[in-house]
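What you see is a predicted model; the values in this text were computed from it and never measured.
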Amino acid sequence: MEPLVTASALFLRVAEGMHPQWKVQLLVSGSGFRATGRGLSATVGGQPVEGITLGSAGSGFAGFLRAEPARGDRLSVGYGGRPTATDVTYRGPLHDPIQLDDEGPVA
């Protein structure tokens with residue numbers, strides 16, 4: 001299995017009225033993120049990342065947090081067991097949600 005590489009993460013505020021149980025959407029880029037029987041798990045400062053979906057070609061994943069992390073909270077990822085710490089930390093503040101229209105992101 002290819003090693004997990006976490007290059008960067010974007011922490012977005014969840015749009016009001018969308019997913020009321022979550023406050024933060026996390027978009028992680030990297031490589032080696034594949035669907036396996038063990039399942040990908042992730043945490044930010046000990047807070048579990050929920051609703052994880054994998055990107056195409058192992059290029060990363062997306063998920064949600066119930067609360068904004070504290071500055072300096074570290075992203076950890078792994079399969080099965082306990083996730084391994086990465087070099088990615090939350091620096092804040094949250095970014096605004098990405099607005100989509102019928103043709104994709106609005107710049």
Enquirer: Consider only side-chain N and O atoms of Ser8 and Ser29, and report whether a donor and an acceptor are under 3.5 Å apart.
Expert: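 A donor-acceptor contact under 3.5 Å links the two side chains.
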Enquirer: Any sub-3.5 Å donor-acceptor pair from Thr36's side-chain atoms to Arg38's backbone N or O?
Expert: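 Here the side-chain-to-backbone pair exists.
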Enquirer: Taking the side chain as every heavy atom from C-beta outward, state whether Val24 and Arg13 have any atom pair closer than 4.5 Å.
Expert: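 Sidechains of Arg13 and Val24: no contact.
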Enquirer: What closest approach, in Å, do Ala9 and Leu26 show between heavy atoms, and which atom pair accounts for it?
Expert: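 Closest approach of Ala9 to Leu26, heavy atoms only: CB-CD1, 3.8 Å.
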Enquirer: Are Leu27 and Phe61 close enough that some pair of their side-chain heavy atoms sits under 4.5 Å apart?
Expert: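 A side-chain contact is absent here, since even the closest heavy-atom pair is not under 4.5 Å.
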Enquirer: Looking only at atom types and distance, does a side-chain atom of Thr86 sit under 3.5 Å from a main-chain N or O of Thr6, one as donor and one as acceptor?
Expert: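 The answer is no, because no donor-acceptor pair under 3.5 Å joins these two groups.
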Enquirer: For Ala42 and Leu75, work out which heavy atoms get closest and say how close.
Expert: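 Result for this residue pair: CB-CD1, 4.4 Å.
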Enquirer: Would you give me the side-chain donor-acceptor pairs under 3.5 Å for residues 46-55, sequence neighbours excluded?
Expert:
residue: Gln47; atom: OE1; partner: Arg66; partner atom: N; Å: 3.1
residue: Gln47; atom: OE1; partner: Ala67; partner atom: N; Å: 2.9
residue: Gln47; atom: NE2; partner: Ala67; partner atom: O; Å: 3.1
residue: Glu50; atom: OE1; partner: Trp22; partner atom: NE1; Å: 2.7
residue: Glu50; atom: OE1; partner: Arg66; partner atom: NE; Å: 3.1
residue: Glu50; atom: OE1; partner: Arg66; partner atom: NH2; Å: 3.2
residue: Glu50; atom: OE2; partner: Arg66; partner atom: NE; Å: 3.0

Enquirer: With Arg74, which residues qualify under side-chain hydrogen bond (donor to acceptor under 3.5 Å, both in side chains), at least two apart?
Expert: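 With neighbours one apart ignored, the set is empty.
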Enquirer: State, to 0.1 Å, how close Phe33 and Val5 come at their nearest heavy-atom pair, and which atoms those are.
Expert: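 Nearest pair, atom of Phe33 first, then Val5: CE1-O, 3.4 Å.
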Enquirer: Quick one: does Ser76's side chain get under 4.5 Å of Thr43's, heavy atoms only?
Expert: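 A side-chain contact exists here, since the closest heavy-atom pair is under 4.5 Å.
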Enquirer: Flag the pair Val88 / Val28 as yes when at least one side-chain heavy-atom distance between them is below 4.5 Å, and no otherwise.
Expert: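 They are not in contact (no side-chain heavy atoms under 4.5 Å apart), so the answer is no.
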Enquirer: Keeping the roles fixed (side chain from Tyr90, backbone from Leu94), state whether a donor-acceptor pair exists under 3.5 Å.
Expert: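 Indeed, once roles are kept as given, a pair shorter than 3.5 Å links the two residues.
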Enquirer: CZ of Phe11 to CD of Gln25: how many Å apart, nearest 0.5 Å?
Expert: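 So the gap between those two atoms works out to 11.5 Å.
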Enquirer: I want to know whether His19 and Phe64 have ring centres closer than 6.0 Å.
Expert: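 Between His19 and Phe64, the centre distance is under 6.0 Å.
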Enquirer: Within a 6.0 Å radius of atom CD on Gln21, are there more than 12 heavy atoms belonging to other residues, nucleotides or ligands?
Expert: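 Correct, the count exceeds 12.
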